[in-house]
Amino acid sequence: MIPANNIALKSWLPYSEDSDFPVQNIPFGIFQTSDKSPRLCTRIGDTVIDLLELAEAGLFRHLSVEIEVFEEPFLNKFMALGKKSTNAVRNQLSSLFALDQDSSLSGDADLQKVAFHQISEVEMLLPVKVGDYTDFYSSREHATNIGTMFRDPENALLPNWLHLPVGYHGRASSIVVSGTNFHRPKGQMMPADAKAPVYGPCKLMDFELEMGFVIGQPSELGSSISTEEAEDHIFGLCLFNDWSARDIQKWEYVPLGPFLGKSFASSISPWIVTLEALDHFRISGPEQTNPETLPYLKYSGNKRYDIKLEVLIQPEGGEETSISKSNFQYMYWNMCQQLAHHTVNGCNVNAGDMCASGTISGPTPESYGSMLELSWKGTKPLKLKDGSERKFLQDHDTLILRGYGEKDGVRIGFGEVTGKVLPAK
Ligand code: MN
């Protein structure tokens, strides 16, 4: 589908082989500069490409996609066009950038001058207007770790866990783009030896390593999306950090689930990598025969993805320390099953809705996706490069998630999502 001959391209749009953004990626995002209002863009190497400029130059004219969708401050209207249109735009971009001097873009220096920007010179904005946000709990290793720590190692998974993708409705208003810092949340907590709850800044500040998927094509209220149809509705993916205040969460969550311990902030990476770009990294899923899943959750084909994930802590003014290496493949329930379950009762989805995977933990302690698990409830502090230790996150710590797929010499990445914990206000 995507031409592999990038040699000519590299002479006029340089990028390195290990970039997360080769010509095969073509992710979508929203940027602005001091001269340009927010609009759609893609990225190759460290070059951000203004899609409104390309549209106004007529490069998408034959695709019957209105120019207006490129002038939006969010991807929602573009994504809602559906895969047929958005893939046509993506394929047109692939040909524009993969062909040699015959491309109408490679020979047009004036257009390149107005449409190309260095990533360091633009501001990347929140790419989607998130209407609804749902967080799942679909990594078996993570759910087993939590069950082992807080309940019973013999019965770590609750009775429903292997029968359905457990999830909850999260808060959309506080989803922020990478680089947005936030203040340590305050709230109610119940210390272990106390007789009454206390109020104050949370002490057990944590992150959650997750991937988010964004809905493109909407569904109608009262109808369901099957596992077969799910990929038509999933526009693409991003890195997702579901910041968590563990002490607030522990006291409040019974019986209705997470509330203020989660809703103060969740951070996403600015580039939405399309499902099509990730096709190369599909892998088969786990056996789901013990117990056997219900028919509406059965699926065919490879629905998991081999995406390498890494978590790093950077103390104020210090260097980064890698604290975990995980993989998006550590999921028991895949995205298609999650979306089928989400809509099986007739609940509709809209363009821009965000669904997050749940914390992605692998089978070994080096691959756990939260401080809670990495420090095992604070009993095993992590050592950073500067010699300091962490059980949970401290004020002024920056937490970084990175992720990419790599296979047969092709690397397709998400870039990163960062956020810094500021002191409580
Ligand atoms: Mn979560």
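Every number for a ligand or one of its atoms is a count from 1 in the order of the listing. These numbers come from a predicted model, not from an experiment.
Ion pairing between E292 and K298 holds under the 4.0 Å rule for side-chain N and carboxylate O. Under the 4.0 Å criterion applied to side-chain N and carboxylate O atoms, E68 and K77 are not assigned as salt-bridge partners.
Partners of F136 under the ring pair (Phe, Tyr, Trp, His ring centres under 6.0 Å) rule, at least two apart in sequence or in another chain, do not exist in this structure.
Applying the side-chain hydrogen bond (donor to acceptor under 3.5 Å, both in side chains) definition to pairs two or more places apart or across chains, those involving residues 187-205 are Q188-W251. Sequence neighbours left out, the pairs with a member in residues 212-226 that pass side-chain hydrogen bond (donor to acceptor under 3.5 Å, both in side chains) are S226-E229.
Residue E154 qualifies as open at atom CD: its count of foreign heavy atoms under 6.0 Å is 12 or below.
Protein N/O/S atoms found under 2.8 Å from the Mn ion (ligand 1): D135 OD2, E208 OE1, E210 OE2, D242 OD2.
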